[in-house]
Amino acid sequence: MAMKRELSYSEAALLALQREMEADPRVVVLGEDVGRGGIFGQYKGLQQSFGPGRVIDTPISEAAIMGAGVGMALAGLRPVVEMRVVDFALCGMDELVNQAAKNRFMFGGQGRVPLVARMPGGIWDASAAQHSQSLEAWFAHLPGVVVVSPSTPQDNHGLLRSALQCGDPVVYIEHKTLWGARGEVDESVAVPLGKAARVRAGDALTLVSWSRQMQASAAACDALAAEGIAVDLIDLRTLWPWDRETVLSSCARTGRLLVVHEAVQAAGFGAEIAASAAEATGCRVARLGAPRIPVGYAPVLEAQSRVGTEAIVAAAKRLAG
């Protein structure tokens, strides 16, 4: 059977979940609308295949969904907790922050919470301030959880399988507008948690990004290459634990680091990477993120929160100059 096929970001995640549910009867799904396939099609057909006892439709209560997921995990299951979007996950934060993240530590490892909390993040086109937030830095700041943010169908397949096999809670942040993005997926490729991907090689500067912002970053690298500026482009993929070795070795070689993310720049996770690189290697650093404003509904306002290719090119030239 061919292991490679072209799939969308959503289809790749669906395939990963299907494979893990086939392999491990402890894997269950719970959340709103999962029985009809989820709002992005990421659960399509699973309830028909595995039944309502393993793909469980829930009431509209994120606190109840997350709390039930924590209980299931402590009882020996491996739940996939669907939050619909990261913005709605805020209603279930106590269960995640004070229960899931801390149980292993507080009880000396007697309890484990191997759940995967799927909470799509980022700007959702024309969906305004309450549906367009990038909150990955909140979770990276939280001891006890793994934080993942895939940018490609291949990584969404491989990282979701790794997350489902992890023994600790994983905050899994897929981007709201990447679901239709297509690419080749090889089922045999394992994508470990905590390992970045070097997307392009170069020595002028290091550029680190993740999730949808990788698209704009790759386009910026093309434009810079046309001007003779070769960029070492790194897709972080896992924000915690982040791949310090790959990033810092690149920074030591290029002497310059630009971190680009869709989230608000102030107190964004890019600051942690930049500070770590500066401390460890003495390289010059720069950050590029969104202004500290709510994402607007009108296209002209929404555009103010986007970090586009032109802005990345300009920032890279300033840093490389």
Side-chain angles (χ1 to χ4, degrees), residues 13 16-17 20-21 23-32 34 42-43 50 53-121 133-150 158-174 191-195 236-244 267 269 272:
L17 183 51
E20 291 302 314
M21 293 184 76
D24 188 345
R26 297 175 298 171
V27 178
V28 298
V29 176
L30 68 155
E32 302 164 32
V34 294
Q42 71 273 46
Y43 301 103
F50 297 98
R54 291 187 67 192
V55 181
I56 306 163
D57 286 304
T58 65
I60 304 174
S61 171
E62 286 76 15
I65 297 165
M66 186 65 74
V70 173
M72 288 177 172
L74 287 168
L77 297 177
R78 290 181 172 268
V80 176
V81 180
E82 172 59 36
M83 290 280 99
R84 289 170 64 90
V85 291
V86 71
D87 318 74
F88 300 165
L90 305 186
C91 297
M93 284 290 272
D94 179 67
E95 286 75 12
L96 178 63
V97 172
N98 285 321
Q99 307 305 327
K102 296 177 173 59
N103 191 280
R104 180 181 174 188
F105 170 77
M106 292 179 67
F107 297 100
Q110 296 178 79
R112 299 292 290 268
V113 187
L115 66 77
V116 176
R118 294 178 78 179
M119 44 182 80
Q133 296 171 93
S134 299
L135 302 177
E136 61 267 25
W138 288 27
F139 300 104
H141 188 72
L142 174 63
V145 300
V146 175
V147 185
V148 178
S149 192
L159 287 168
L160 185 55
R161 296 197 72 167
S162 293
L164 286 162
Q165 295 166 17
C166 179
D168 291 309
V170 179
V171 173
Y172 199 86
I173 306 176
E174 293 146 297
V191 184
L193 300 175
K195 182 64 178 174
L236 208 56
R237 302 198 294 194
T238 301
L239 274 68
W240 200 270
W242 63 283
D243 189 350
R244 292 173 59 91
F269 192 65
E272 171 66 22

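Numbers here simply count residues along the sequence, with the first being 1. Just so you know, these numbers use all the heavy atoms, side chains as well, and skip hydrogens, waters and symmetry mates.
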Original post:
So do the side chains of W240 and V148 get within less than 4.5 Å of each other, counting heavy atoms only?
Top reply: no
Original post:
How long is the gap from CG on L17 to OH on Y43, to the nearest 0.5 Å?
Top reply: 6.5 Å
Original post:
If only atom types and distance count, is the side chain of T58 paired as donor or acceptor with the main-chain N or O of L30 below 3.5 Å?
Top reply: no
**OP:** Going by the side-chain contact (heavy atoms from CB on, under 4.5 Å) test, name the single residue among V28, L164, V55 that passes it with V80.
**Re:** L164
Original post:
Where do S162 and V191 come nearest, in terms of heavy atoms and distance?
Top reply: OG-O, 2.7 Å
Subject >> Main-chain N/O of L160 paired with Y172 side-chain donor or acceptor, under 3.5 Å >> reply: yes
Original post:
With sequence neighbours left out, what residues match Q133 under side-chain hydrogen bond (donor to acceptor under 3.5 Å, both in side chains)?
Top reply: D87
Original post:
Which residues satisfy the side-chain hydrogen bond (donor to acceptor under 3.5 Å, both in side chains) test with R237, sequence neighbours excluded?
Top reply: D155
Original post:
Counting only N and O atoms by type, is there a donor-acceptor contact under 3.5 Å from the side chain of R78 to the main-chain atoms of A73?
Top reply: no
**OP:** Only pairs at least two apart or in different chains count here, so list each ring-ring contact (aromatic ring centres under 6.0 Å, His included) that has a residue in residues 58-98.
**Re:** F88-H131
Subject >> Note, M83 side chain near L96 side chain (heavy atom, < 4.5 Å) >> reply: no
Subject >> Residue pairs involving residues 55-66 (criterion salt bridge (charged side-chain N to carboxylate O under 4.0 Å, His left out); sequence neighbours excluded) >> reply: none
Subject >> Residue pair V170 / V145, side-chain heavy-atom distance below 4.5 Å >> reply: no
Subject >> Check: Q42 and R118 side chains under 4.5 Å, non-hydrogen atoms >> reply: yes
**OP:** For F50, enumerate each residue passing the ring pair (Phe, Tyr, Trp, His ring centres under 6.0 Å) test, keeping only those at least two apart in sequence or located in another chain.
**Re:** none
Subject >> Pairs meeting criterion side-chain hydrogen bond (donor to acceptor under 3.5 Å, both in side chains) with involvement of residues 96-105, two or more places apart >> reply: D94-N98, R104-D168
